Structure formats: structure tokens, C-alpha cells
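Remember, it's a predicted structure, so these values are computed and weren't measured experimentally. Reminder, nothing fancy here: chain letters follow the sequence lines and each chain counts from 1.
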Number of protein chains: 2
Amino acid sequence: MKKKLSIKDIAEQLNVSKTTVSFVLNGKASENGVSQAMQRKVLSYIEKVGYRPNKMAQGLRTGKSKTIGMMVEDISDTFFSTIARKFEEILTTKGYKIIYGSTENNTDVTKELIRVFRNHQVDGYIIAPPPGIEEDIKALIEDGVPVIIFDRPLTELDVDSVLVDNYRGAYKATQHLLANGYKNIVMVTLLSEQTQMRERERGYRQCVEEAGGKPAILKIRYHEKKEKAIADIEQYLKNNRKTDAVFFATNYLAENGLEAIANCKLAIADRIGVVVFDDSNWFRLFKPSITAISQPIEAICTEVTNLLMERLEQKKEIAPKAIVLPTNMIIRNSSVPVKKAGRT
Amino acid sequence: MKKKLSIKDIAEQLNVSKTTVSFVLNGKASENGVSQAMQRKVLSYIEKVGYRPNKMAQGLRTGKSKTIGMMVEDISDTFFSTIARKFEEILTTKGYKIIYGSTENNTDVTKELIRVFRNHQVDGYIIAPPPGIEEDIKALIEDGVPVIIFDRPLTELDVDSVLVDNYRGAYKATQHLLANGYKNIVMVTLLSEQTQMRERERGYRQCVEEAGGKPAILKIRYHEKKEKAIADIEQYLKNNRKTDAVFFATNYLAENGLEAIANCKLAIADRIGVVVFDDSNWFRLFKPSITAISQPIEAICTEVTNLLMERLEQKKEIAPKAIVLPTNMIIRNSSVPVKKAGRT
DNA sequence: GTGAAAGCGCTAACAT
DNA sequence: ATGTTAGCGCTTTCAC
């Protein structure tokens with residue numbers, strides 16, 4: 001077991017003081033008048049023996065852990081894991097590591113996560129917040145800790161945030177279905193308080209009402225048995241024969257909804273139009289391929305990390321920014337009746 | 001900005017020593033003869049003011065960070081993100097947090113990740129190793145750090161590992177296709193040194209050869225342009241008209257391969273059978289639904305964490321264990337000609 | 001230009 | 001039964 005060496009060992013080997021070593025390690029050598037020769041000597045020795053400073057000691061001393069806490073609803077969700085990857089990519093270049101936690105969109109779980117992250121002295125937080133977490137986040141901010149929220153708004157709280165225009169995304173999706181001749185569109189959404197879902201619902205409602213129609217909304221409880229969700233959607237479809245299009249508020253709902261539609265033997269596109277909020281790699285492979293509202297994941301990540309780095313490096317007070325990004329509609333075949341367009 | 005309190009503050013407020021507080025905090029109160037009354041007093045005060053010990057200081061002192069380093073090829077891959085979630089679930093109950101890193105299946109990236117994780121003093125490693133990383137992992141183990149590898153074997157190295165029987169999984173998949181009347185099966189796999197891929201290839205070869213056939217293997221470079229992968233597969237299909245079944249070695253390849261098949265206008269199941277290694281939530285929704293070899297994710301995670309906890313709590317030397325889990329074939333419609341079975 | 005030393009918050013051996 | 005104290009490895013002020 002090769003003994004881990006400390007700055008003290010290095011200093012002793014080199015017959016200099018810990019201070020000198022520390023200075024060159026932190027790039028403060030020149031400004032503190034350490035000779036070039038000395039710097040080279042230290043650097044090359046460190047390189048040779050593969051010394052790397054102990055982050056815990058550094059952290060204890062400086063109060064900085066060089067780690068960021070990321071909290072999302074569920075890290076196994078493709079949307080969030082793709083984002084996690086992107087964050088990793090960007091933050092690694094800045095010398096940060098990420099520790100993650102899944103909130104399950106549950107306030108208490110999130111509170112506990114925040115506590116744990118605090119104990120770990122994370123330098124900043126990236127959070128897709130559940131409802132009811134305002135107070136805790138406010139406390140964080142008041143303590144001067146950088147917090148960036150994304151994906152879900154936290155109204156009533158002045159905090160850096162990066163959101164997507166859920167309202168317009170849903171509006172456009174609905175409008176697109178209407179434009180393609182579908183008249184009775186049902187929106188299948190989650191029975192939950194997630195603010196971004198409410199925005200999507202609002203966009204749908206607004207659009208339908210403007211067109212003189214009557215909104216129809218089916219709410220499904222999240223992560224109850226898959227079979228239950230499928231059965232509920234199937235039931236709705238059977239009881240509402242006039243329904244000729246479905247707008248799924250999330251990928252997860254589409255997964256079950258598409259099965260329900262199959263069970264009802266309704267031909268997608270011709271008999272029933274389909275649009276899903278959030279894209280999936282697989283959608284283009286369906287027959288017919290599935291139209292989706294996609295979120296600008298790259299942009300979300302760069303905006304979030306930019307805000308975060310700004311806060312981490314901030315010298316003076318800066319006012320929180322709220323960034324809203326547009327969604328992108330990817331029109332495929334599930335929302336275009338065959339008589340109007342070729343099928344893939 | 002509410003000042004963070006330390007154990008010293010607590011001790012002063014309570015008029016006791018830091019030791020006493022520390023003992024009750026660490027459940028060593030009784031064994032060190034701290035009175036029940038005292039324990040309750042400390043506990044309730046701590047609860048009241050919401051004190052929580054600073055992990056960095058604890059870590060520096062004890063040499064334990066209570067964090068685990070997880071390295072996988074790509075955290076945004078569904079397989080790995082699902083696993084990340086499960087690890088989180090289990091390790092949280094044990095008081096550990098996870099920091100993650102994506103290796104891109106690249107040796108140098110992984111080496112650097114290991115260095116960074118070491119600096120962060122992670123208490124243990126969970127690694128899906130890239131090729132050529134044996135030496136570094138060996139060094140870790142010799143330093144007494146718990147390392148569990150999974151997903152990919154590291155031959156020549158005696159280390160705790162949890163793997164899936166890739167050979168048998170591929171063998172069974174091939175056998176299943178043969179049994180359903182497909183005669184010319186091509187395996188589409190990655191042009192890479194990943195050991196688990198070689199095992200899958202071996203399973204396929206063995207089965208085809210036993211049946212007196214001639215193996216046909218198409219290798220695709222990972223993560224080159226999607227279009228290139230699609231074109232390559234399409235090309236193969238066009239040049240080999242006799243091919244009547246495809247066995248995709250991973251989900252990622254299936255994503256492109258299914259598009260190639262669609263482009264060639266080959267009817268899945270009837271004209272061309274399809275089986276994919278690794279399942280996806282979406283496969284049951286395809287028409288026809290896609291047959292897949294699924295990995296026992298739950299089992300992998302519990303085995304890995306069990307091994308890890310064993311190491312973390314180990315008193316005496318224990319010999320490394322190699323655990324191999326069976327895969328599960330989920331027969332859907334893409335591998336069963338219609339004349340033999342009903343379509344969904 | 002370089003070094004000594006204090007101290008970040010905690011644990012645990014040792015004293016009392 | 002409770003308190004004193006010496007570090008863990010590092011940064012940084014201040015003294016030489």
C-alpha cells in the first residue's frame with residue numbers, strides 16, 4: 001500500500017517550506033515572488049511523484065468543495081440523464097464534480113437532499129424543484145450559496161432560473177393538430193402540481209378555446225401501476241369516441257398512452273392524431289413516426305452552467321436572471337393524416 | 001446570512017465538551033459512559049438548532065468522505081442512468097452520496113477520473129471499466145480501496161465483479177431466431193474492444209456454427225455520425241439479400257438498424273427477424289413489438305452494492321467474488337413470423 | 001524570496 | 001462521567 005503523500009512530504013523532500021509548495025500549486029507563486037527555478041523544481045517533482053492535493057483538507061480550509069449538487073426528479077429519466085451528462089461535460093472543464101440526488105418531485109425528500117448536500121459543502125446547486133420547496137431554497141440563497149433552478153419555475157422567488165416556454169410549446173402543438181384537421185383533442189397530463197405541467201395545460205386550453213372548442217383533459221397519477229395508467233387512457237378513449245387526437249404532456253404518459261391506443265386499435269394519424277411533449281430517440285422509428293415538442297437540452301445546460309459559474313465567481317451582487325428558452329416542434333407523421341402527407 | 005454552527009458552538013451553548021457532543025453524534029455515547037440525560041439534552045438541542053456536522057472536517061479527520069465514485073461509459077445511456085438511480089436509492093440508505101463520471105469507454109479519460117475521485121477521497125468505486133484500465137484498478141485495490149466492477153469483465157484481474165452472462169444471452173437469442181425459421185442471421189455489433197461485446201459475439205458465433213451455419217458479422221463504429229451507421233447497415237442489407245434476421249448487440253445499434261430496415265422496406269418479423277440485446281421501454285410499443293434480451297438491472301445493483309458494503313465494512317481480508325447473472329429473453333413479435341403467431 | 005505557524009471542524013486517545 | 005488536546009492536510013498571514 002503506497003503511502004499517500006502530503007504537501008508536507010513534498011516540502012521535506014525538496015527542502016522547502018509547505019508555503020512555497022502551496023503557492024506554486026495554486027498559481028500564486030509569481031505574485032508571491034517564488035523564483036522561476038523553484039517553481040519548475042516543485043512542479044516537476046510533483047509531476048514525478050504524482051502528488052495531488054487532498055480535496056477534503058483543501059475544502060475544510062477554503063470552505064470550497066469543488067463539487068456541485070444536482071437535484072432532479074429522477075436521474076433515470078432520459079431527459080434528466082442527458083442533462084446530467086451535459087452538465088458533467090461542462091463542469092468538469094471548470095474543475096467541478098457533481099453529486100446527484102433524485103427528488104421524486106417530493107418536498108420532504110428534497111429538503112433532506114438539501115441538508116445532505118449542505119453537509120457535503122457543495123459549492124452550488126442545480127435544482128429542478130418540486131412544489132413547496134421555496135422556503136428552503138430561499139434560505140440557501142440568503143446564506144449566499146449559488147442556486148440555479150431549471151425545468152420548473154418557482155414563482156414568488158427571485159432566483160436564477162432557466163426554463164422552457166411550456167405554454168407556447170403546448171399551444172403550438174395544439175394549434176398544429178387543429179391545423180391538420182383534428183377537432184377533438186384530449187390532453188393527457190399528470191395529476192400533479194408540477195408548475196411546468198400547469199403551463200402546458202394552459203397553452204392547450206388557450207389554443208382550444210380560441211378555436212371555439214372545449215378543452216378535454218385526462219389526468220393520470222404519476223408512477224402508479226403502468227397498467228392502471230394504460231387502462232385509464234383506454235377507458236377514456238372508449239368512452240369518448242369522438243376524440244380524434246391526443247396531446248401527451250410528457251414522454252412517460254406517451255409510453256402508456258400509445259399502448260392504450262394500440263389496444264383500442266385506433267390507427268395513429270388517420271383515426272387519431274398524436275403529439276408528445278418531449279422527444280425521444282425512438283420516436284422517428286415508430287410507424288407512423290411520432291410528432292414531438294422537443295426541449296433545447298444543449299441550450300438549457302449551457303445557460304444553467306453559465307449562470308452558475310457567474311455566481312460562483314461573482315464579486316459583487318448581481319440580480320437573478322430568469323431565462324426562458326423556446327421549444328422546437330418536430331413534425332413527424334403521427335399528427336398528419338395520410339391523405340395529406342406521405343407515410344414513413 | 002445565518003452563521004453555520006460548529007460542534008464547538010454546540011458544546012459551548014450546552015456547557016459540555018466537544019467530546020461529549022461528538023460521542024453522542026456518533027452513537028458512541030453509551031459505550032463511553034455519557035449519561036442518558038446528557039444524551040437526550042444534546043440530541044434535542046442539536047435537533048432544535050438544526051446542527052449537522054461538516055463532512056469535510058469529518059472526512060479530513062477520519063479519512064472517509066461518505067461518497068462513492070461511480071464511473072460508467074455514459075451516464076445519459078438509459079441502461080446506466082437506470083442503474084445510477086438504483087445505486088442512489090440503495091446507497092442513500094447507507095449514508096453515502098454518489099459522484100459520477102462518464103468514461104466514454106476511453107482509458108485516458110478513466111485514468112483522469114480515477115485521479116480526480118482519489119483527490120475527492122471517495123470511499124469506494126463502482127466502475128464499468130474501459131479496456132486497458134487494469135493497472136490503475138489494480139493500484140487502487142493494492143491501496144486498499146474498495147472497487148467493484150460491473151457490466152464489463154476485466155480478465156487477468158482478481159477483483160469483485162458483477163457481470164451478466166453475455167455469452168449465453170447472445171447464444172439464446174440466436175437459437176431463438178433459428179428456432180423460428182430464420183436461416184441467415186447477421187449480428188450487428190460495435191467495432192470496439194469492449195469485452196462484453198466480444199462475449200456476445202462469441203455466443204452468436206457458437207450457436208450459428210453449431211447449427212451448421214456461417215456467422216456474419218457487421219461492425220459499426222460507436223458514435224460516429226448516426227447517418228453513417230444507418231447507411232452502413234442499409235448497405236449490408238442491400239448487398240446481402242438472403243439475410244433474414246438481425247441480432248443487434250446493443251440498444252444503440254438497434255436504434256439505427258431499425259431505421260435502416262425501414263429504409264429497405266423490409267417487413268420486420270416476416271421478411272426479417274429482429275432481436276436486440278438490452279431492452280427498452282419503447283420496444284413493446286413498436287409494430288411489430290421488438291424481442292429483446294434484457295439485463296437484470298435490479299439484481300446487478302443489489303449485488304454490486306452488497307459487495308461494496310461488504311468491502312467498506314470489512315474487518316478481515318476477503319477474497320474477491322465474481323458474480324455472473326443470467327439474462328432474460330423477452331419474446332415479442334419481431335422474431336416470430338406471422339404465420340406462426342398473432343401480431344400485436 | 002522563503003518559512004513558521006495558526007486554524008478550518010472534527011474525532012478519539014488520553015487525562016482527570 | 002466528562003474534559004483536554006493533538007492532529008488530519010491544507011491555505012494564508014505575517015515575520016524574517
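Ion pair A:Arg40/A:Glu47 not flagged as a salt bridge, since none of the NZ, NE, NH1 or NH2 atoms sits closer than 4.0 Å to an Asp/Glu carboxylate oxygen. A:Lys86 has a carboxylate O that lies under 4.0 Å from a charged side-chain N of A:Glu89, or vice versa, which qualifies the two as a salt bridge.
To the nearest angstrom, P of D:dC10 lies 10 Å from CG of B:Asn119. Put simply, CG on A:Leu5 is 15 Å from P on D:dC8, counting in whole angstrom units. Between B:Glu12 atom CD and C:dG9 atom P there is a gap of 12 Å when expressed in whole angstrom units. Atoms CD (A:Glu31) and P (C:dT2) sit 15 Å apart, rounded to a whole Å. Between A:Arg118 atom CZ and C:dG9 atom P the separation is 14 Å, expressed in whole Å. Summarising the geometry, the separation between NZ on A:Lys66 and P on D:dC10 is reported as 16 Å, rounded to the nearest angstrom. For B:Leu60 and C:dA12, the CG to P distance is 13 Å, given to the nearest whole Å. In this structure, the CG atom of B:Asn54 is 13 Å from the C1' atom of C:dT11, given to the nearest Å.
B:Glu12 CD to B:Leu5 CG: the interatomic distance, rounded to the nearest 0.5 Å, is 11.5 Å. Once rounded to the nearest 0.5 Å, the distance linking CD1 of B:Ile133 with OG1 of B:Thr107 reads 6.0 Å. For the atom pair CD1 of B:Ile126 and OG1 of B:Thr305, the computed distance is 7.0 Å after rounding to the nearest 0.5 Å.
Relative ring orientation between A:Phe87 and A:Phe150 is described as perpendicular, the plane-to-plane angle rising above 60° on a 0-90° scale split at 30° and 60°.
Taking only side-chain nitrogens and oxygens, A:Ser6 never comes nearer than 4.0 Å to OP1 or OP2 of D:dG9.
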Which nucleotides of nucleotides 11-16 of chain D have their base under 4.0 Å from a protein heavy atom (B), which only their sugar-phosphate (S), and which neither (-), written as one string 5' to 3'? BBB---
